[in-house]
Each structure stands twice: as C-alpha cells, then as structure tokens.
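The structure presented is a predicted model; accordingly, all values stated were derived computationally and were not measured.
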Amino acid sequence: MEEKVLSKKQNGMLMLILIVISYPLAFLALMIYWNISVLFMPVSIILVLWLALGWLLCFGLKVVKPQEALVLTLFGKYYGTLKDAGFYYVNPFCIAVNPAAKTKLSQSGDVSDVEVAQVKSGTQVPVMPKKHISLKVMTLSNSRQKINDCLGNPIEISIAVMWRIVDTAKAVFTVDNYKEYLSLQCDSALRNIVRIYPYDVAPNVDTTGDGIADEGSLRGSSELVAQRIKEEIQSKVADAGIEILDARITYLAYAPEIAAVMLQRQQASAIIDARKMIVDGAVGMVEMALDRLNEKQTVVLDEERKAAMVSNLLVVLCGNKDAQPIVNSGSLY
C-alpha cells in the first residue's frame, strides 16, 4: 500500500469560521420564518436540520502538530495521511487509525506528561490514547536478554535502537502493531547476531562467514556488532515503513551463573600475562648484568657462581615481596 499525503486540505480555519457564523445566521433566519408563520416551508426544515446536525461537521476539523501524522480511513478504505503541521478539514466521517496507540514500550514518546503526573500523584485517571503517529526519532530500549554466544557461554545483553516511521500507510496497514513488531524484530536480530560472536576473542572462531578465523568478539568489536544488528533489524522492518537510524549495545556481561567463574578465568589470564612479562624483564636484566660484568672484568665468575647469581637475581626480581639483603663479610668462595 502506497502512502497518500493530503497536502491540500489545510482549510480548517475557514471551515471553523463558516460553521461558527452559520449557526447564529441559521437561528436568526429560523426566527424570521417563525414570525411570518411559514414554519413548514422547506427552508425552515433545512434550518432546523442544520441547527440539529450541523455540529457534526466539526468532526472533520483535524489539527496536526510538527513531526506528527494522522492516518485516516473512510468507511473502511484508506483515505489519506496528514503529515504537514497545520489545521485541516476533511470528510467528517473519516476516522483516524493508530493500532499502536495503546502500546507502551520502554522507549521515548510512549509516556505522556499527564501520565507522569498521575504516577507521581498516585491518581488513576484514564487517558484517551492519541491517534496521531509520531514521526520523530524514537529510542527503543528493550530489556536485557540472556543469550548464548558462539561458544555456548550465557551472556546478558541489551541494545538501544533509534528509529522513526517514514511510511505511515505501511506502518498502520502492513503489520498489526508496528511497535510490537519492531520490538520483536529487535529481539530476534539481537539473538541472531550475538550467536555468531564469542564474548571475548577466542581461537578458531569465524565471525565474518568467510571461512577464516578472526579476532571478532562482542566486547572488542562492539561497533561492528552494533552495525550488523542495525542492518539485520532494518531488513526485517523495511516492509513496515520503519527506518532504523542507529543501534547501540547498552549492556553486556556474563550471566550471573558463570560470571564468578569467568572472572577467575580473567584474573588467572591476567596473572599469567603479568608473570610472563616480569620473567621476560628479569631474564633481560640478568643477561645485562652478566654482560656488563664480563665486559669490565669487575668480577670473574665460574659457571657455578654464575648459576647461583642468576638464581638469586631471578628470585629477587620475580618475587612478590621485597628481598631482605644479606651482607657477606667473608670470602666470596
């Protein structure tokens, strides 16, 4: 279904003025006919009908704010969409349609100021849902999901999706509820993409689908993962007249049941890396010390004494605590 924008209907003010002026004129004309005792003339009947039913024309007055749209149907058929801000007059029998008017998601624009005031005051006053469709950029923040990565590790992840409606006819008539449809597609796309990546860099894992192992991961390639999630969502919601502007990962962590174990694993890996660096530095310092002693012939050591010196230096340099010096006042040998 193609969107039909009603841009030549901005004559609401003129119609409002005509309706307001016509009522006192009709009442005055009816009084004149009443005084001349011609009550049953056709003109009098028309005046009475106008006074009784003329107010129905006010239903054709529509106000559209900036960045809002109003999708109208007439007797079950698509009549058109009001997208530009203004005061319109359309067929009074047109009905505004917004199937997602009552849907409340964790996103911007779904909670009005009146509802916020009611929550703060503790009152429960029913609020009529708006039939206007927002064309603004909306931010959808779905709840955290527990998903297994490509290694089978359960993780918790959530995303924020920036989106807007670009085709109101498709959004209203193609899907049953475009907000719920978008939310469901966000969850599905998130699961499809997360299952491709490991949480951390892992060996022999292909995340690009080219058959070559790479270093892609959820934690280290967040920008690439977010871009793939955005493209996945866009491919699903294009038929619903929705454009995905951006997608960002807002929360990423191991699931609670394995978080402690993975933390110990990370700590052990960090300790091993630190020890390796310390040992490499200590060996280099020992080699430098022996080379300097040999160059200047300060002390001539045999192989046994060199081994003892190397052992002592490594103990001092690689130890967790500061070494306690011992002064040897006797012979070296």
Side-chain angles (χ1 to χ4, degrees), residues 103-110 137-164 175-240 242-278 280:
T103 303
K104 303 298 181 183
L105 300 177
S106 301
Q107 67 175 14
S108 59
D110 270 349
V137 176
M138 307 284 284
T139 302
L140 171 64
S141 180
N142 274 9
S143 58
R144 298 176 187 176
Q145 297 187 63
K146 184 181 293 186
I147 308 172
N148 292 338
D149 64 2
C150 69
L151 300 179
N153 298 321
I155 64 171
E156 290 185 347
I157 186 172
S158 64
I159 58 172
V161 179
M162 277 62 76
W163 65 281
R164 66 181 177 183
V175 295
D176 182 61
N177 188 316
Y178 61 87
K179 287 184 180 180
E180 293 181 352
Y181 180 78
L182 173 64
S183 178
L184 179 61
Q185 295 302 326
C186 288
D187 293 344
S188 176
L190 183 61
R191 289 184 177 275
N192 291 340
I193 299 301
V194 168
R195 289 170 179 170
I196 301 175
Y197 289 85
Y199 182 88
D200 273 321
V201 178
N204 301 323
V205 174
D206 175 24
T207 62
T208 59
D210 57 0
I212 302 175
D214 52 70
E215 296 183 353
S217 66
L218 296 174
R219 192 166 63 92
S221 308
S222 58
E223 292 291 334
L224 179 59
V225 174
Q227 181 63 28
R228 295 187 66 175
I229 293 174
K230 171 191 171 183
E231 295 173 356
E232 179 77 8
I233 300 173
Q234 183 61 71
S235 64
K236 301 296 183 181
V237 302
D239 293 337
I242 297 175
E243 179 186 6
I244 305 300
L245 301 176
D246 197 9
R248 285 288 180 268
I249 297 176
T250 57
Y251 181 84
L252 177 63
Y254 282 113
E257 56 265 26
I258 67 166
V261 176
M262 288 301 177
L263 179 60
Q264 293 178 356
R265 178 181 177 182
Q266 292 176 354
Q267 290 175 343
S269 178
I271 292 173
I272 292 173
D273 293 339
R275 288 294 182 183
K276 186 182 296 183
M277 184 178 297
I278 291 173
D280 291 341

>> Test of understanding: with side-chain hydrogen bond (donor to acceptor under 3.5 Å, both in side chains), list the residues that count as partners of Thr250, not counting sequence neighbours.
In response: Ser158
> Going by heavy atoms in the side chains, are Ser188 and Lys236 under 4.5 Å from each other?
Replying inline: no
> Should Asn142 and Val161 be marked as a side-chain contact (heavy atoms from CB on, under 4.5 Å) after you check the CA-CA gap, both sets of side-chain angles, and the distance that decides it?
Replying inline: CA-CA 9 Å; Asn142 274 9; Val161 179; over 6 Å; no
>> With ring pair (Phe, Tyr, Trp, His ring centres under 6.0 Å) as the rule and sequence neighbours excluded, what pairs involving residues 204-236 come up?
In response: none
>> Rounded at 0.5 Å granularity, tell me how far CG in Asn192 sits from CD1 in Ile229.
In response: 10.0 Å
>> Before you tell me yes or no, could you show the steps for Val237 and Tyr181 under side-chain contact (heavy atoms from CB on, under 4.5 Å), namely the whole-Å CA-CA distance, both residues' side-chain angles and the distance that decides it to 0.1 Å?
In response: CA-CA 8 Å; Val237 302; Tyr181 180 78; 4.0 Å; yes
> Between the main-chain N or O of Tyr199 and the side-chain N or O of Asp149, is there a donor-acceptor pair closer than 3.5 Å?
Replying inline: yes
>> Once rounded to the nearest 0.5 Å, what's the spacing between atom CG of Leu140 and atom CD1 of Ile244?
In response: 8.5 Å
>> Let me confirm one number: the CZ-OH distance from Arg219 to Tyr197, rounded to the nearest 0.5 Å.
In response: 15.5 Å
>> Does Ile233 form a side-chain contact (heavy atoms from CB on, under 4.5 Å) with Leu190? I'd like the steps, not just the answer.
In response: CA-CA 8 Å; Ile233 300 173; Leu190 183 61; over 6 Å; no
> Roughly how far, to the nearest 0.5 Å, is the CH2 atom of Trp163 from the CG atom of Leu182?
Replying inline: 5.5 Å
>> Within a 6.0 Å radius of atom CG on Asp280, are there more than 12 heavy atoms belonging to other residues, nucleotides or ligands?
In response: yes
> At their closest point, which heavy atom of Ala226 faces which heavy atom of Ala247, and how far apart are they?
Replying inline: CB-O, 3.2 Å
>> Can you pull out every salt bridge (Lys or Arg N to Asp or Glu O under 4.0 Å) where at least one residue sits in residues 220-231? Sequence neighbours excluded, please.
In response: Glu223-Arg248
>> Quick check: closest heavy atoms across Pro198 and Val205, and the distance to 0.1 Å?
In response: CD-CG1, 3.9 Å
> Which residue pairs satisfy the salt bridge (Lys or Arg N to Asp or Glu O under 4.0 Å) criterion with at least one member in residues 155-164, sequence neighbours excluded?
Replying inline: Arg164-Glu243
> About how many Å separate CE of Met162 and CG of Leu245, when rounded to the nearest 0.5 Å?
Replying inline: 8.0 Å
>> Has Asp214 got a side-chain atom pairing as donor or acceptor with Thr207's backbone, closer than 3.5 angstrom?
In response: yes
>> Quick check: closest heavy atoms across Thr103 and Glu180, and the distance to 0.1 Å?
In response: CG2-CG, 3.9 Å
>> I need the full list of salt bridge (Lys or Arg N to Asp or Glu O under 4.0 Å) pairs touching residues 186-199, with sequence neighbours left out, sorted by first then second residue.
In response: none
> Who passes side-chain hydrogen bond (donor to acceptor under 3.5 Å, both in side chains) against Ser221, sequence neighbours left out?
Replying inline: none
>> Rounded at 0.5 Å granularity, tell me how far CG in Leu252 sits from OG in Ser217.
In response: 9.0 Å
>> Does Glu215, at its CD atom, have more than 12 non-hydrogen atoms belonging to other residues, nucleotides or ligands within less than 6.0 Å?
In response: no
